[in-house]
2 protein chains.
Amino acid sequence: MVKYIDIADDIRKKIETSVYEHGQKLPYEYVLCANYRCNKTTMKKALEILVKEGLIVRRRGAGTFVKDADTLTKLQGEQPFHGLTQTYPKSKVSSRVIEFEVISADETLAHHLHVEQGSFVYHIIRHRFIDDKSYGLEYIFMPISIIPDLKIEHLQTSIYSYIEDDLGLTIHGIHKIIHTVPSGSLDHELLGIPENVPAIEIEQVGYLSNGVVFEYSLSHFHYENFRQTLVTLL
Amino acid sequence: MVKYIDIADDIRKKIETSVYEHGQKLPYEYVLCANYRCNKTTMKKALEILVKEGLIVRRRGAGTFVKDADTLTKLQGEQPFHGLTQTYPKSKVSSRVIEFEVISADETLAHHLHVEQGSFVYHIIRHRFIDDKSYGLEYIFMPISIIPDLKIEHLQTSIYSYIEDDLGLTIHGIHKIIHTVPSGSLDHELLGIPENVPAIEIEQVGYLSNGVVFEYSLSHFHYENFRQTLVTLL
DNA sequence: GAGTGGTCTAGACCACATC
DNA sequence: ATGTGGTCTAGACCACTCT
């Protein structure tokens, strides 16, 4: 639909299939423009995408180069993710819903979700499994006004798909704080964390593209299962 | 030096000082172009920066809006970071260098750093403090060929400043894995982690803009001190 | 000096949101 | 229907690298 994305996709494919070899120089901007029948600005925008993805490097006065294979594989495949379902597309991600109710927000929660105190919000607890192995425990809070008609089916599959695909909302970003907290009874029971051993907690706030907070959640993990990968591109 | 960055800086400042109020609409692209005496394309590039930083939202057909204060403070000040020095600009970050030597890379290390086996690499151990409080323990490996002339002074201040400011290299991205590992003797001694309690480890690989790996490091933390903030913008 | 990317302008036309 | 941001073109000029 959009030209510069099409071009980026095409060049990405050519890099992946080694039409453009790793470590090799790409044709000059000028030539690429001619090939794709587009303007310099459009081509620049296309290549910018690939630069951000870490596939190519551009050096003023030198040229555009495909990064070599080893470097590539390391930066690849760790895209900014959504929920667990999207993070582990190749694994079976399942959930046991432990709690699904609507509560009215107390002061703290109202503050986190940026809604008025007393507003109705979903309160969800899910025990999550990856390939049938216990993975973590989630406490999720979402304003009912922003995410209407949430059903238990959505909790059993992917809440994020419901938000993006069914409600047509755009998730702009996620803010996380990873730290540790004293473990509680559910952590002991379901995650098997021993008494007096802290749980690793991810405190998460999700924002829609209009800046509205749609989610506040706490996820608990046993330290043995905990693994979080992140890529920071500057 | 570059116009669109100047414009972005100026608008950012205006947002921070509430010249443009939170939640408010910004002047139309058209008006901004006139104000800054620039072209639409240039203005778009400037605003794009602020969108990525999460300060503003643009909606086709509607306008450009400053995110409201609450949303902002949460997303702000947690920029993609470099080292500790840049992450905590307001705190006193110090280091005690425990080890600083050059070793020759064994197979594993050569693989991580993407250098030939036997190449010389720095081996650094630093105990890091924030406001004089023990923060974590770093094991850093960097190829001597890429980061020449590293001195102990750089270790005591900021290695990343040396790389970017003195060597003039550009850091493109950082790849991290956060997980837990059994604690070792240095963890017990310096971080005060009890025996049989795991340490939280961040395994990190740093890439320059040309795709070269310049750093492989392991950082250990006591769970009480551990806190990692991350923002994912989609 | 020649090659190559980066910035900027002026202006046409399109897509979407709100009224 | 109008307002607003998004895409695209054509072309000028600048900054850096390589040799």
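Here is the naming used below: chain letters follow the sequence lines, and residue numbers restart at 1 for every chain.
Residue-environment remark: CD (B/Gln117) exceeds the threshold of 12 foreign heavy atoms within 6.0 Å.
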Can you give the donor-acceptor pairs under 3.5 Å from side chains of residues 40-50 of chain B to other protein atoms, not counting sequence neighbours?
from: B/Thr41; atom 1: OG1; to: B/Asn39; atom 2: OD1; distance (Å): 2.9
from: B/Lys44; atom 1: NZ; to: B/Glu29; atom 2: OE1; distance (Å): 3.4
from: B/Lys44; atom 1: NZ; to: B/Glu29; atom 2: OE2; distance (Å): 2.7

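Side-chain polar atoms of B/Tyr122 and B/Glu101 form no donor-acceptor pair below 3.5 angstrom. When only modelled atom types and interatomic distance are considered, A/Tyr162 and A/Asp149 share no side-chain donor-acceptor pair under 3.5 Å. Using modelled atom types and a 3.5 Å distance limit, the side chains of A/Tyr36 and A/Asp6 yield no donor-acceptor pair.
Bounding nucleotides for the chain B contact on DNA chain C, 5' to 3', at a heavy-atom distance below 4.0 Å, are C/dT7 to C/dT18.
At whole-Å resolution of the value, CD in A/Glu29 and P in D/dC16 are 17 Å apart. Between the CG atom of B/Leu47 and the P atom of D/dG5 there is a distance of 9 Å, rounded to whole Å.
Positionally, the nearest nucleotide of DNA chain C for A/Pro27 lies more toward the 5' end than for the other of A/Pro27 and B/Lys3. Heavy-atom distances to DNA chain D give each of B/Tyr28 and A/Val2 a nearest nucleotide, and the one nearer the 5′ end belongs to B/Tyr28.
Note on B/Lys44: a base of the nucleic acid sits closer than 4.0 angstrom, heavy atoms only. Among the atoms of the strands shown, base atoms are found under 4.0 Å from some heavy atom of A/Lys40. In this structure, B/Tyr4 reaches the sugar-phosphate backbone alone: every heavy-atom distance under 4.0 Å involves primed, P, OP1 or OP2 atoms, never a base.
Using cut-offs of 30° and 60° on the angle between ring planes, the pair A/Phe214 and A/Tyr160 is perpendicular.
Note on A/Arg60: every side-chain N or O is 4.0 Å or more away from OP1 and OP2 of D/dC14.
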